[in-house]
Amino acid sequence: MSKRPGLAALRAALGDWRRNAVAVVLVVVPVALALVDGSRVAVYGAALAAFVVWMAWFVLTAVDWLERADF
């Protein structure tokens, strides 16, 4: 186990810029395409995709935090 306290591990887990950048791109692109299309189905699909990406980002960040922290 790591010798880092929980807050330092959380900062390190949230500081993964690659994971954050990929999540932002995977949210922005479908939303932008849905707004260009303008249909309600496209907006619903983009919102669903954004939720899935957010949940995946959250789980990956939480797992990374738990691996780094020393509780």
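All values below come from the heavy atoms of this structure, side chains included, with hydrogens, waters and symmetry mates left out.
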Q.
If hydrophobic clusters are built by linking Ile, Leu, Val, Met, Phe, Trp and Tyr wherever their side-chain heavy atoms come under 4.5 Å apart, do Val27 and Val52 end up in the same one?
A. no
Q. Is there side-chain contact between Trp57 and Asn20, with at least one heavy-atom pair below 4.5 Å?
A. yes
Q: Indicate, with yes or no, if Val53 and Trp17 share a hydrophobic cluster defined by side-chain heavy-atom contacts under 4.5 Å among Ile, Leu, Val, Met, Phe, Trp and Tyr.
A: no
Q. Can you list the other members of the hydrophobic cluster that holds Val24, where links are side-chain heavy atoms under 4.5 angstrom apart?
A. Val28
Q | For Trp65, side chain to side chain contact (heavy atoms under 4.5 Å, CB included) partners two or more places apart | A | Ala9, Leu10, Ala13, Ala69, Phe71
Q.
Within this structure, what is the CG-CG distance for the pair Asp64 and Leu14, rounded to the nearest 0.5 Å?
A. 9.0 Å
Q. Going only through I, L, V, M, F, W and Y residues with side-chain contacts under 4.5 Å, is there a path from Phe51 to Val29?
A. no
Q.
Measuring from atom CZ of Arg19 to atom OG1 of Thr61, what distance do you get when rounded to the nearest 0.5 angstrom?
A. 4.0 Å
Extract all donor-acceptor atom pairs below 3.5 Å that involve side chains of residues 32-39 and protein atoms in other chains or at least two apart in sequence.
residue: Asp37; atom: OD2; partner: Ser39; partner atom: OG; Å: 2.7
residue: Ser39; atom: OG; partner: Ala42; partner atom: N; Å: 3.1

